[in-house]
Amino acid sequence: MGEFTFSKSERLTQRPQFQQVMNRGQKRRIDRICTVFFLPNELGRKRLGIIASKKIGNAVARNRAKRKIREVFRALKGSIGPAVDIVVISGKDLVPLPFSVLEKKMSKVLLALR
RNA sequence: GAAGUAAACCAGGUGACCGCUGUUCCGGCUUCAUGGCCGGAAGAGAGGAAAGUCCGGGCUCCACAGGGCAGGAUACUCCGUAACGCGGAGUGGGGGCGACCCUAAGGAAAGUGCCACAGAAAAGACACAGCCUACCCGGCGGUUCGCCGCCGGCGGCAAAGGUGAAAAGGUGAGGUAAGAGCUCACCAGUACCGCUGGCGACAGCGGUAGCUUGGCAAACCCUAUCCGGAGCAAGAUCGAAUAGGAAAGUGUUCGAGGGCGGCCCGUCCGAUGCUUUCGGGUUGAUCGCUCGAGCCUGCCGGCAACGGCAGGCCUAGAUUGAUGGUCACCGUCCCACCUUCGGGUGGGGAACAGAACCCGGCUUAUGGUUUGCUUCGGCU
RNA sequence: GUCCCCAUCGUCUAGCCUGGCCCAGGACACCGGCCUUUCACGCCGGCGACGCGGGUUCGAAUCCCGCUGGGGACG
C-alpha cells in the first residue's frame, strides 16, 4: 500500500460503523466548517468516513466537499495516529473554502491527536 | 453603431507528479474449484441540460393483457416517428413598423347550468319608462246623415333611452296609425348549393335562403381518438438469521380469499387456509447493467421533420456512491499602472451544474462564440 | 433512485370542488384605548395573508399550465 493512496479498505462504508464512531469517539469542531469524530480501532489501519448532507448544497457542492476532505486525509494520513476511525461531518462553510486553507485548519486538529 | 429577432456551435487546452472507479493482460499468494486478495502495465472514465420527473416508449413481473362500466388524457390539417400531449410543413385567429412570435384552435340550432353589480330585460323578449289609436267596441259632441273630432277600452310596436364586459345585424331610403329586414340598396355575418385550386384543414368566385341564431365547454357535458396495472427499491439466483409465535375475524366445493389498481363479467389458482393487528429476524452478495429505436462520415430521396444505403467505431457503470489536488505554460475576459498606441507588467475571474436500468421529447437553470435577417441612426 | 402530497395574516385554520356577495372570514398573538389603585379577565378599535410567473374569462385565492419551497412513503 503506497504512502498517499486511498483504497476501499480505508473507508467506512456502512451505517453501524459510522454510528459507533459518532457515539463512542471523541468530538472536535472546527468553526462552522466541519465536525470530526475519532475512535481507535484494532484493525491496524486508519479509516475515513465522510458525511455531506443535503444542507450544505446540491450534488456538486456535496461531491466537492467530499473530495477536499479526502485529499486532506490522503496528505496527512502518514503523520496521524496509528489505527483510528475518523468521521467528518461537512458543514456549510466548507464549500467555498480553498483546499490549502482547509488543509491547514484540519491538520491542526488531526495532528493534535496522538 | 444601437436595439431587436431567429438559428447553429462550444462547454478552456497542453504537459508533469500524486490519487480514485471499472475493463483487459502479466506476476505473486490463497482456495478442491468458480473465485478472492496484493502488486504492476495498457487503455477508458459525466451533461447540454446528467436537473425537474411533465409526457411517450423499450425492458421486467403480475394471466396470454380478455369484454363492459367507471376513470384519465388529447382535440385545425397533412406528414414524420417505436410512440407521444413531441417534431416538421401548412390553414385559420391574434400581436408587432418589421424580421418574426404566440395560439388546449372540435361541438353552444343534443341537453343542463352560470352570466355578480348595474339595467326594463343577460336569452322563451310575458317589455320599465315610452310611441301609436289604423281595425273593432263603448261614451260624448258636431253633422251636408257619407262621416268627422275628442276620451276610454280592446289592442299594436320594439325605432329612439340610460346600464353593462356583453343588449337580439349596421348605414341610408321607402313604408306605416306608430313601427319593425316589413321592403329595397350597400356592407358584415350564418347555412346550403355549384365551380376552380389544394391529399387535406381551407381559400377564391358565383348563386340561393331565412333575413340574424349573445358569451362561457381551461362549467357539467356530447363527439372522435388513445390508455390494463405497477415499476430496476421491477425482477431472478445464492447465502445468512429468527420464528415455525400471540390475539381477533372468516372459511372448507352451497367455496373464503388471491392473481385483478375501482366495480361487474369472464377466466385461472385454491384449503389447519386467508385477512387484520401485535411481536421477532436479516437488513448481505451476484446477475439485471450497459451493443443501443447507438455514434461518426459520405451519398441518395424529401421544402423539412425524417428515412434509405454504404463504410467505419465501441464510447462511464459507481453502491457512504468513482473524474480530484498541486505546479507550469498558452488562450480568453475584467481591473489597475506604464505606453513609442504595436503592446507590456501585476492582480483577479470563468456560468448552470454530477450519470445510478436505458432511450425519444418537453420544461426550467446557465457562460460564451458565430451567422442570417429586421428597424433606426451615422459616414461614403 | 422511484412514487405521492401540501402551500391563505406572526401561528392555527375557513373559503377553492360549484369563479363575482371577498382590497378574503374566525381564533390566538401584537398595538392603542376603556375598565381597575395596578396586573389579569372583560369590552371597543386597529395592524396584518391568497408562494411566484403566464393563460382562460368581462372578472381568478378558486379553473388550466410552468416554476419555487416544504413534507411523506418504499425491498
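So you know, we letter chains A, B, ... as the sequences are listed, proteins then strands, and number each from 1. Because only heavy atoms are used, hydrogens play no part in the values below, and waters and symmetry mates are left out as well, while side chains stay in. Worth saying up front: this structure is predicted, and the values here are computed from it rather than measured.
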Here the distance between atom P of B/rG321 and atom CD1 of A/I50, to the nearest Å, is 7 Å

OP1 or OP2 of B/rG321 sitting under 4.0 Å from any side-chain N/O of A/R70?
yes

chi for B/rU371 classified (syn = within 90 degrees of 0, anti otherwise) as anti

Atom CZ of A/F37 and atom C1' of B/rU320 are separated, to the nearest Å, by 16 Å

Considering only atom P, compute the distance from B/rG258 to B/rC263 and round it to an integer number of Å.
10 Å

Atom CZ of A/R67 and atom P of B/rU320 are separated, to the nearest Å, by 17 Å

Test side-chain contact (heavy atoms from CB on, under 4.5 Å), reference A/F37, set A/R28, A/M22, A/Q20, output is A/M22

Close side-chain approach of A/I56 to A/L94, heavy-atom, < 4.5 Å:
no

- Query: Expressed as a whole number of Å, how far does the C1' atom of B/rC64 sit from that of B/rC54?
  - Reply: 33 Å

By the Watson-Crick or G-U definition, both distances under 3.5 Å, C/rC17 is matched with none

Separation of B/rG325 atom C1' from A/M106 atom CE, nearest Å, is 15 Å

State whether A/N58 places a side-chain N or O below 4.0 Å from either non-bridging phosphate oxygen (OP1 or OP2) of B/rA51.
-> no

Assigned chi class of B/rA46 under the 90° convention is syn

Checking N1-N3 plus N6-O4 or O6-N4 for Watson-Crick, or N1-O2 and O6-N3 for wobble, each under 3.5 Å, the partner of C/rG1 is C/rC74

Q: Using atom types as modelled and distance alone, determine if a side-chain donor or acceptor of A/K66 lies under 3.5 Å from a backbone N or O of A/I51.
A: no

Assigned chi class of B/rU320 under the 90° convention is syn

Using Watson-Crick geometry (N1-N3 plus N6-O4 or O6-N4) or G-U wobble (N1-O2, O6-N3), each under 3.5 Å, B/rA203 is paired with B/rU196

Given the 90°-from-0 boundary between syn and anti, C/rG33 should be labelled anti

Under a 3.5 Å limit on both distances, the Watson-Crick or wobble mate of C/rC30 is C/rG46

Check: Can you check whether A/F99 stacks with the B/rU326 base, using ring centres under 5.5 Å and planes within 30°?
Finding: no

*So do the side chains of A/L102 and A/V72 get within less than 4.5 Å of each other, counting heavy atoms only?*
yes

When rounded to whole Å, the CD to P distance for the pair A/E71 and B/rG324 reads 11 Å

>> Does B/rG324 have OP1 or OP2 under 4.0 Å away from a side-chain N or O of A/N63?
In response: no

*Short question: side chain of A/R62, backbone of A/G57 - any donor-acceptor pair under 3.5 Å?*
yes

Note to self: Taking B/rG90 as the reference, what is the distance to C/rG51 when you measure between their C1' atoms (whole Å, please)?
What the structure shows: 42 Å

Using modelled atom types and a 3.5 Å cut-off, is there a donor and acceptor pairing between side-chain atoms of A/K27 and backbone atoms of A/F38?
no

- Query: Looking only at atom C1', what distance separates B/rU364 and B/rU53, rounded to whole Å?
  - Reply: 12 Å

Re B/rA230: Watson-Crick or G-U wobble partner, both distances kept under 3.5 Å, found to be B/rU60

Expressed as a whole number of Å, how far does the P atom of C/rG59 sit from that of B/rA165?
-> 10 Å

When the P atoms of C/rC4 and B/rC303 are compared, how many Å lie between them, rounded to an integer? 44 Å

With syn meaning chi within 90° of zero and anything else anti, the base of C/rG51 is anti

Assert: residue with more 5' nearest nucleotide on RNA chain B, out of A/K68 and A/I51, is A/I51

Subject >> Close side-chain approach of A/R70 and A/I50, heavy atoms under 4.5 Å >> reply: yes

Taken to the nearest whole Å, CZ/A/R64 to C1'/B/rC20 is 17 Å

To the nearest angstrom, the CE-P distance between A/M22 and B/rU320 comes to 16 Å

Which of B/rA322, B/rC18, B/rA355 is nearest the side chain of A/R74? It is B/rC18

Pairing partner of B/rG273, by Watson-Crick or G-U wobble and under 3.5 Å for both distances, is B/rU250

ask   = Rounding to the closest angstrom, what is the interatomic distance between B/rC157 and B/rU103 at atom C1'?
value = 47 Å

The Watson-Crick or G-U wobble partner of B/rU340, with both key distances under 3.5 Å, is none

Answer for the Watson-Crick or wobble partner of B/rG169, both distances under 3.5 Å, is B/rC187

When rounded to whole Å, the CG to P distance for the pair A/L12 and B/rU319 reads 15 Å

Please give the distance between the C1' atoms of C/rG48 and C/rA24 as a whole number of Å. 12 Å

Practice prompt. Say whether, by atom type as modelled, one donor and one acceptor occur between the side chain of A/N58 and the main chain of A/A61 under 3.5 angstrom.
Written response: yes

